[in-house]
2 protein chains.
Amino acid sequence: MKNITEMLKGVLEGCVLEIISRGETYGYEITQHLRNLGFTDVVEGTVYTITMRLEKNNLVDIEKKPSTMGPPRKFYTLNAAGQEQLEIFWEKWGFISSKINELNTKNKGEIQ
Amino acid sequence: MKNITEMLKGVLEGCVLEIISRGETYGYEITQHLRNLGFTDVVEGTVYTITMRLEKNNLVDIEKKPSTMGPPRKFYTLNAAGQEQLEIFWEKWGFISSKINELNTKNKGEIQ
DNA sequence: ACTAGTATATAGTAACGCATAGTAGTATCG
DNA sequence: CGATACTACTATGCGTTACTATATACTAGT
């Protein structure tokens, strides 16, 4: 899927929050996870800016651990504020997606 | 619903395309339509930038008609390119929303 | 030594929605 | 006629976000 950049705005961060909420993970792994999910064009730099933002906003706890396969990894876990933010994200997503889908189905009904 | 600005990026334009596809309409009416749909904070300036973009990209045909309640209105209708763009929008939306919902339900299953 | 894979870091860019403000036309009322 | 209110479009600058490109660092295999 190409040129979905703009549509991902505000959504990717929520996805990252969700992924972190399942258990501690690090930037590179988050990127792989997103790619496996279907967002194949997401690159490390993008995820990095998101995790930096989460750090800055104090939504995650951080622990640095050595890796046998490269430089040390920065593991993230959601804290209470992060959990709250995640819930807010799903509320927003639910709101918007319901409205958009409403718009879509309404149209289908009128045209045919 | 507050602070959904970022999540609307790339989505609002699709909504406007969809609204125009139902029949010729003008900026002010599109704004009202979006507000009725639930996007209560959408302002005229936002819709204007979108319609200007649609014009610039030759996705709409334009007809100016006098109004009994103010200055003449610029009525927009989708042309072939606009229709195509609208279909692409719904494809993108379908792709992203399915992925996000997948992420959401997966989580629900793991937590409980 | 060189390459490839893993992993974090950062500067710069473009797009989008928004706030704000301005312009202009019509209707109404004193 | 003049003032006001409402409708409708135009214009500009801003903040946020994702992406690009690049740099750095560590390990393992050849």
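Here is the naming used below: chain letters follow the sequence lines, and residue numbers restart at 1 for every chain. These values consider heavy atoms only, across backbone and side chains, with no hydrogens, waters or symmetry-generated copies.
- Going from atom OH of B/Y28 over to atom C1' of D/dT10 covers 16 Å, rounded to whole Å.
- Between A/K64 and C/dT8 there is no side-chain polar atom (N or O) within less than 4.0 angstrom of OP1 or OP2.
- In the set C/dC18, D/dC19, C/dT8, C/dC18 carries the atom at the smallest distance from any side-chain atom of B/L12.
- For A/Y48 and C/dT8, the shortest distance from a side-chain N or O to OP1 or OP2 is not below 4.0 Å.
- The CG atom of B/N3 sits 11 Å away from the P atom of C/dC18 (whole-angstrom rounding).
- Between A/P71 and A/V43, the residue anchored closer to the 5' end of DNA chain D is A/V43, taking for each the nucleotide with the nearest heavy atom.
- The interatomic distance linking A/M7 (CE) with C/dC16 (C1') rounds to 12 Å, in whole Å.
- Closest to the side chain of B/K74, from the set D/dT17, D/dC26, D/dC9, is D/dC9.
- Computed from C1' positions of five pairs at each end, the angle between the two local axes of the helix from C/dA1-D/dT30 to C/dG30-D/dC1 equals 10°, rounded to 10 degrees.
- For the pair B/I100 and A/C15, the tightest heavy-atom approach, listed with the atom from each and the gap, is CD1-SG, 3.4 Å.
- Contact annotation: the side chain of B/Y26 never approaches that of B/K65 to less than 4.5 Å [non-hydrogen atoms, C-beta and beyond].
- Between C/dC18, D/dT7, C/dG17, one nucleotide has an atom nearer to the side chain of B/V42 than all others, and that is C/dC18.
- With DNA chain D read from its 5' end, the first of the two nearest nucleotides for A/G45 and A/E13 is the one closest to A/E13.
- At the phosphate of D/dT16, neither OP1 nor OP2 sits under 4.0 Å from any side-chain N or O atom of A/R53.
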Stepwise side chain to side chain donor-acceptor pair (under 3.5 Å) test for A/E55 and A/Y76: CA-CA 9 Å; A/E55 272 186 55; A/Y76 300 98; 3.2 Å; yes
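- Residue-level contact check: A/P72 touches the backbone only, with heavy atoms under 4.0 Å from sugar-phosphate atoms and none from bases.
- Residues A/V43 and A/R35 are in side-chain contact: their nearest non-hydrogen atoms beyond the backbone lie under 4.5 Å apart.
- Dashed line: the shortest gap from a side-chain N or O of B/K9 to OP1 or OP2 of D/dA18 is not under 4.0 Å.
- In the hydrophobic clustering of ILVMFWY residues, with side-chain heavy atoms under 4.5 Å counting as a link, A/I19 and A/W90 come out together.
- The shortest distance between the side-chain N/O atoms of B/S67 and the OP1/OP2 oxygens of D/dA8 is below 4.0 Å.
- Contact annotation: B/Y26 does not reach the phosphate of D/dC9 (side-chain N/O to OP1 or OP2, under 4.0 Å).
- Comparing atom distances between the A/M52 side chain and each of C/dC16, C/dA7, C/dT10 picks out C/dT10 as nearest.
- Nucleotide D/dC6 holds its P atom 14 Å from the CD atom of B/Q32, rounded to whole Å.
- The existence of a salt bridge linking A/R73 and A/E24 is excluded, since no basic side-chain nitrogen approaches an acidic carboxylate oxygen closer than 4.0 Å.
- Atom CD1 of A/I50 is separated from atom P of D/dT20 by 13 Å (rounded to the nearest Å).
- For B/E84, the CD atom sits in a loose shell: 12 or fewer heavy atoms of surrounding residues, nucleotides or ligands are nearer than 6.0 Å.
- Nucleotide D/dT16 holds its C1' atom 15 Å from the CG atom of A/L8, rounded to whole Å.
- Counting only heavy atoms from C-beta on, A/R73 has its side chain closest to C/dT6 among C/dC18, C/dT6, D/dA8.
- Side-chain N/O atoms of B/T46 include one lying less than 4.0 angstrom from OP1 or OP2 on C/dC18.
- Rounding to whole angstrom units, CD of residue A/E44 and C1' of D/dT22 are separated by 12 Å.
- Just one residue in the list A/L37, A/I30, A/L34 forms a side-chain contact (heavy atoms from CB on, under 4.5 Å) with A/V42, and that residue is A/L34.
- Note on A/T49: every side-chain N or O is 4.0 Å or more away from OP1 and OP2 of D/dA18.
- Using a 3.5 Å distance cut-off with no hydrogens or angles, the side chains of A/N104 and B/W93 do not pair a donor with an acceptor.
- Distance CG (A/L54) to P (D/dA18): 10 Å, rounded to an integer number of Å.
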